[in-house]
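Labels below follow one simple rule: chain letters A, B, ... track the order of the sequence lines, proteins then strands, and each chain is numbered from 1. Values below: all heavy atoms of this structure, side chains included; hydrogens, waters and symmetry mates excluded.
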2 protein chains.
Amino acid sequence: MSNGVVFIVDDDEAIRDALAWLFQSRGVMAETFVSAADFLSGWTPWHRGCMVLDIRMEGMTGLELFDRLQELKSSLPVIFLTGHGDVPMAVSALKKGARDFVEKPFNDNDLVDRVIEALAWDAAQRESDADAALLAARLASLSLRERQVMDLVLAGKLNKVIADDLGITMRTVEVHRAHVFEKMEVRTAVELAQLMSQKRG
Amino acid sequence: MSNGVVFIVDDDEAIRDALAWLFQSRGVMAETFVSAADFLSGWTPWHRGCMVLDIRMEGMTGLELFDRLQELKSSLPVIFLTGHGDVPMAVSALKKGARDFVEKPFNDNDLVDRVIEALAWDAAQRESDADAALLAARLASLSLRERQVMDLVLAGKLNKVIADDLGITMRTVEVHRAHVFEKMEVRTAVELAQLMSQKRG
DNA sequence: CCACTCATTGTGGATTACCCCAATGCCGGG
DNA sequence: CCCGGCATTGGGGTAATCCACAATGAGTGG
């Protein structure tokens with residue numbers, strides 16, 4: 001299994017312990033937190049896995065913690081736990097991007113299944129994030145001129161036209177173009193176009 | 001406003017009429033149906049707008065109608081109406097792709113707002129669908145050979161290599177390549193790559 | 001002051017891409 | 001049987017790309 005961790009935030013110690021035991025018995029690593037603040041204090045963008053979050057808690061509620069994490073650009077999938085059914089709350093949470101919303105008392109197996117799904121989703125997410133980061137790093141390694149040349153190449157312009165647009169010689173454009181291909185690790189303009197298109201659409 | 005229509009399906013005549021009046025008073029066209037079957041019998045893939053669907057109905061329920069529409073590849077956004085709060089049902093519906101889930105009694109303005117959002121979403125969807133259809137039509141106009149050549153061009157291969165792969169002359173590859181550009185309405189291989197990448201990622 | 005990166009330009013040749021003109025063979029429809 | 005679409009190939013020429021060798025000037029950091 002992946003190295004994702006389930007982060008459990010609930011102010012009820014009995015539930016925390018029961019959940020942690022439940023997940024670990026199915027081979028899923030779990031960490032528990034007594035409050036939203038407790039979790040936030042240790043959170044970093046590198047946390048991977050998923051969250052199981054109680055709605056009703058002292059201090060910051062689960063929903064508030066969720067909002068806070070969204071502000072912090074966390075992409076951790078969130079599964080809410082709630083004691084009393086509240087449709088508008090569930091709908092609102094899901095529309096804001098929560099992954100799931102489960103009522104207590106919950107079915108143990110069902111909850112674990114949902115967590116495992118969320119972990120798989122997060123793992124896939126991390127992978128495409130890594131791809132995006134790699135591409136961003138390559139883009140960042142381009143000099144200003146190289147970036148300008150690349151943009152014009154992607155606009156389908158000929159070297160001659162690019163040279164004219166930038167007010168430089170065709171020879172210089174060729175040099176920049178070659179550097180772009182090298183730094184972006186592609187061999188042709190077609191590959192470059194595919195690489196760049198992938199990241200925008 | 002757009003020409004999207006709200007399709008209301010509810011077996012309670014009083015609610016149907018109230019909803020229809022409500023939407024029309026805000027400038028949104030509405031059509032009403034007494035049952036899921038009533039709606040399905042007239043549905044076509046060209047229907048555009050959104051659905052407001054009662055959950056509890058005689059015969060086929062709103063949820064069943066939703067499932068049926070998904071099977072039929074309908075992309076109409078669906079807003080469910082329900083009389084009794086049921087969190088698992090709401091969560092399940094939203095996770096299956098429903099757009100919204102509203103409890104009765106609902107706030108009139110709030111519901112209209114959600115419908116208008118859904119209509120806007122559908123309009124945007126139709127636009128990108130149209131783009132996809134146009135592209136598909138262009139692809140369909142390619143002959144087998146042209147398609148093969150295009151694939152190899154998108155793989156970044158040189159005409160010489162393509163000719164060798166297909167066992168034909170470079171001259172012939174050039175001809176097919178030119179036809180591909182013409183039919184796909186692009187001027188360069190880069191544009192072609194961008195056009196094709198858009199539709200897969 | 002020196003090393004290093006970046007942007008710039010030149011010459012010249014090998015390789016490709018792009019196009020016009022022209023032609024052949026196959027196949028399905030009218 | 002003729003027409004049109006499709007696949008195929010050739011000749012011949014222009015334009016563009018790719019590259020190796022070679023060099024200059026500005027700006028940064030040690």
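Residue A:L53 holds its CG atom at 10.5 Å from CG of A:L76, rounded to the nearest 0.5 Å. Here CE of A:M89 is found 9.0 Å from CZ of A:F80. Values are rounded to the nearest 0.5 Å.
Using the six-membered ring where Trp is involved, A:H47 and A:F7 have ring planes that are tilted, between 30° and 60° apart.
Checked for salt-bridge contact, A:R171 and A:E174 meet the test: a charged N lies under 4.0 Å from a carboxylate O. Salt bridge B:D113/B:R26: present, at least one basic N to carboxylate O contact under 4.0 Å. The pair A:D164-A:K160 does not meet the salt-bridge criterion, since no charged nitrogen lies less than 4.0 angstrom from a carboxylate oxygen.
In this structure B:Q148 satisfies the side chain to side chain donor-acceptor pair (under 3.5 Å) test together with B:R145, sequence neighbours excluded. The salt bridge (charged side-chain N to carboxylate O under 4.0 Å, His left out) test applied to B:R68 returns B:E71, not counting sequence neighbours.
Residues from residues 164-194 of chain A with heavy atoms under 4.0 angstrom of DNA chain D, sorted by number: A:R171, A:E174, A:R177.
Under the salt bridge (Lys or Arg N to Asp or Glu O under 4.0 Å) criterion, the residue pairs touching residues 54-66 of chain A are A:D54-A:K104, with sequence neighbours excluded.
A nucleotide of DNA chain D counts as in contact with chain B when one of its atoms lies under 4.0 Å from a heavy atom; the first and last such, 5' to 3', are D:dC6 to D:dG11. Reading DNA chain C from its 5' end, the first and the last nucleotide to sit under 4.0 Å from a heavy atom of chain B are C:dT16 to C:dC21.
Using a 4.5 Å heavy-atom cutoff, the side chains of B:L152 and B:V161 are not in contact.
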